[in-house]
Amino acid sequence: MAGAGGGGGLGGGPAAMGGSDLQWCFSQVKGAIDEDVAEADIISTVEFNYSGDLLATGDKGGRVVIFQKEQEIVSPLRVAVSSTRHSCGARSQHLPYVAMPQLSNKSRLHSRGEYNVYSTFQSHEPEFDYLKSLEIEEKINKIRWLPQQNAAHFLLSTNDKTIKLWKISERDKRAEGYNLKDEDGRLRDPFRITALRVPILKPMDLMVEASPRRIFANAHTYHINSISVNSDHETYLSADDLRINLWHLEITDRSFNIVDIKPVNMEELTEVITAAEFHPHQCNVFVYSSSKGTIRLCDMRSSALCDRHSKFFEEPEDPSSRSFFSEIISSISDVKFSHSGRYMMTRDYLSVKVWDLNMETRPVETYQVHEYLRSKLCSLYENDCIFDKFECCWSGSDSALMTGSYNNFFRMFDRSMRRDVTLEASRESSKPRAILKPRKVCTGGKRKKDEISVDSLDFNKKILHTAWHPLDNIIAVAATNNLYIFQDKAN
Amino acid sequence: MEAQKEAQRIMTMSVWKMYHSRMQRGGLRLHRSLQLSLVMRSARELYLSAKVETDEAELAFPAAALAPASSLPQPMTVAEAEADSPPRAEETIPAPEPMETQEARETESAPACSHLPPVPQRSLKANRKRRSSTLGQGGEAGLVPSKKARLEEETAPAEGKAEVEAEDLEKRQSQVEEGPFPSLARVLQKRFSGILSNTGGPPKPTAPPPSCELKPGCRQADNMINILVRTVVAF
């Protein structure tokens with residue numbers, strides 16, 4: 001087992017990541033500064049699109065905010081256009097990320113590929129299931145982009161029950177010169193129209209429209225935890241606690257159940273599905289993780305119902321570290337294939353593991369995220385933090401990993417150099433291009449300067465969702481209602 | 001002893017979490033329920049094994065242990081010990097027996113009950129048990145009124161009888177319609193609400209009822225835990 005680092009972060013020097021010494025610097029922060037955070041504004045998912053030009057966030061209020069990377073050179077015209085953009089279908093009173101200091105004229109003039117709001121829309125509304133007498137939350141659990149095939153962008157967003165396919169398209173021209181209607185908009189009598197007039201397209205302010213194209217509902221009894229678009233670009237999967245369904249992106253009225261682990265007698269239930277993802281290149285392969293800390297790889301070619309896995313990844317439990325909470329902390333909260341498709345990464349409560357798809361018996365790499373919390377599990381159970389579901393992500397080159405922790409700390413692990421670093425997303429260090437200083441958590445008795453003790457960590461500040469630009473060293477880190485964007489210094 | 005306390009604390013915490021997660025927006029989450037039940041199970045195992053150890057230790061002194069043997073005092077001491085040991089009042093897992101009596105009094109203080117024989121508490125209890133068909137305690141058989149006798153008694157207040165029957169019918173129907181889980185859930189909820197009202201303060205559980213009731217009481221506590229360690233799913 002290749003273990004890197006205890007808890008405090010070994011990377012004493014600069015935040016070295018990506019094979020060479022790389023320093024992360026602050027780029028932007030989105031979201032209100034207020035101490036008083038509205039529940040609806042808490043970010044619940046972050047996702048870059050395939051090119052990295054768009055960055056989508058979903059929040060607990062059911063909104064999706066899309067940021068677009070501005071061009072390096074900003075022309076005055078472009079600034080004027082971007083400032084007049086507006087979104088369709090958004091509730092105007094809920095635009096949490098719009099009024100940002102980063103949008104000031106000064107920063108625009110010095111823009112170096114910053115992300116600015118492109119579109120905001122209300123993806124899901126709270127609903128009520130009258131049959132079960134249950135409220136369905138509007139919280140966006142996951143967003144997944146579809147590969148771009150034309151000028152428009154498509155994404156899937158899901159709450160606990162319903163998945164929606166959204167089209168985000170631009171419109172900067174409108175047709176004018178119709179003579180079919182009068183000034184009031186009423187249709188004119190066709191017999192009174194004597195001239196044939198061809199409408200002409202006139203330029204207008206750029207408008208970004210978000211429109212729901214498909215709604216995939218009523219297929220999940222339990223809460224949806226994952227969606228994943230297949231590499232065939234035609235299908236996707238959605239997973240809830242006990243089942244995984246396969247959908248065609250064009251068809252909303254039926255889906256195929258490909259995994260069902262629901263026992264006949266629910267009293268015999270011992271595990272649930274916690275995450276699922278398609279292989280990035282092999283459209284017949286997907287994996288799903290379970291609350292027992294295991295991962296199953298299934299091949300859809302072997303049978304329609306993939307109840308029998310092809311591969312089963314499990315690491316033997318260390319009996320010496322057993323506690324009341326062993327089952328909770330071994331539960332996998334996220335699983336992600338590497339871009340190459342050779343590895344997958346899993347996140348459990350205390351660690352990140354990298355598995356080679358060719359070796360099922362143990363992970364090839366294990367990184368401790370915050371091992372110092374092992375002795376605090378009882379308190380974390382008491383304050384419910386132990387149930388937090390941290391996600392994880394790969395760097396574009398698969399050479400580094402990133403995942404979140406508490407106290408607005410996030411961790412990065414360099415795979416080749418076996419180095420790790422703890423960084424902090426905070427407003428204090430949010431000066432433009434300020435280099436992030438590595439943080440250390442003091443685990444022993446003596447606390448050195450610049451170290452923070454475990455007891456003074458703020459467990460209300462947690463980074464559950466992070467995303468890494470697929471091509472560049474740009475990362476997006478969601479800290480409660482704020483979205484931080486960091487870049488490497490060279491970028 | 002320390003481990004036992006810790007296990008008990010975690011069990012209590014788990015019960016609270018289970019109870020509160022039922023009221024969570026968006027409904028009960030299966031993953032969370034499962035995890036809570038797993039913690040509950042491991043805590044219970046530790047608690048019971050620790051308890052067996054202490055029991056064995058007590059048995060090692062037969063003279064001391066057998067003195068108050070008969071029936072009443074020993075369970076009382078156990079109950080007292082359980083109530084006293086944890087640091088906070090709400091951290092005890094109260095034996096559910098008193099709760100049930102309390103609940104029974106609250107829900108069934110209808111006219112029908114007032115016409116019952118002079119030991120109302122006991123017959124009420126028998127009532128409940130028969131209806132929910134939980135514990136057929138052999139020792140209590142004599143105390144449970146026969147079906148016929150009870151019906152005769154209940155014919156007097158027509159209103160009360162109708163009420164009781166309606167309640168019974170409703171229970172049976174819902175059980176048939178919803179399968180075993182919702183009824184389990186209801187049992188849980190009732191017990192939890194009992195715990196809550198107890199810890200709330202004023203209506204402290206009455207002193208454990210007479211001797212013969214105590215043993216079932218203790219056993220029921222284990223029974224309750226048994227129910228709790230299962231994942232409760234509403235569909």
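FYI, side chains are in, hydrogens and waters are out, and symmetry mates aren't considered; it's all heavy atoms of this structure. Chain letters run A, B, ... following the sequence lines, proteins first, then strands; residues in each count from 1.
Chain A forms more heavy-atom pairs under 4.5 Å with one residue of B:Arg25, B:Met13, B:Gln35 than with any other, namely B:Arg25. When A:Asp384, A:Asp160, A:Thr274 are compared by the number of non-hydrogen pairs under 4.5 Å with chain B, A:Asp384 comes out ahead. Between chain A and the residues B:Glu6, B:Glu45, B:Arg32, the most heavy-atom pairs under 4.5 angstrom are made by B:Arg32.
Sparse packing is recorded around OH of A:Tyr130, with 12 or fewer heavy atoms of other residues, nucleotides or ligands lying under 6.0 Å away. Within 6.0 Å of CG in A:Asn257 there are more than 12 heavy atoms belonging to other residues, nucleotides or ligands.
In this structure, CG on B:Leu30 lies 6.0 Å from OH on A:Tyr222, to the nearest 0.5 angstrom. For the atom pair CG of B:Leu36 and CD of A:Glu327, the computed distance is 12.0 Å after rounding to the nearest 0.5 Å. The distance from the CD atom of A:Glu135 to the CD atom of B:Gln24 is 11.5 Å, given to the nearest 0.5 Å.
Closest approach of A:Leu134 to B:Gly27, counting heavy atoms only: CD2-CA, 3.4 Å. Here the closest heavy-atom approach between residue A:Phe324 and residue B:Val39 is recorded as O-CG2, 3.8 Å.
A:Tyr381 touches chain B through backbone and side chain together, each having a heavy atom under 4.5 Å away. Contact annotation for A:Lys389: only side-chain heavy atoms (C-beta onward) come within less than 4.5 Å of a heavy atom of chain B.
A salt bridge links A:Glu137 and B:Arg29; the closest N-O separation between the charged side-chain nitrogens and carboxylate oxygens is under 4.0 Å.
Put simply, the residue from A:Val272, A:Ile273, A:Leu242, A:Asn225 that forms a side-chain contact (heavy atoms from CB on, under 4.5 Å) with B:His31 is A:Val272.
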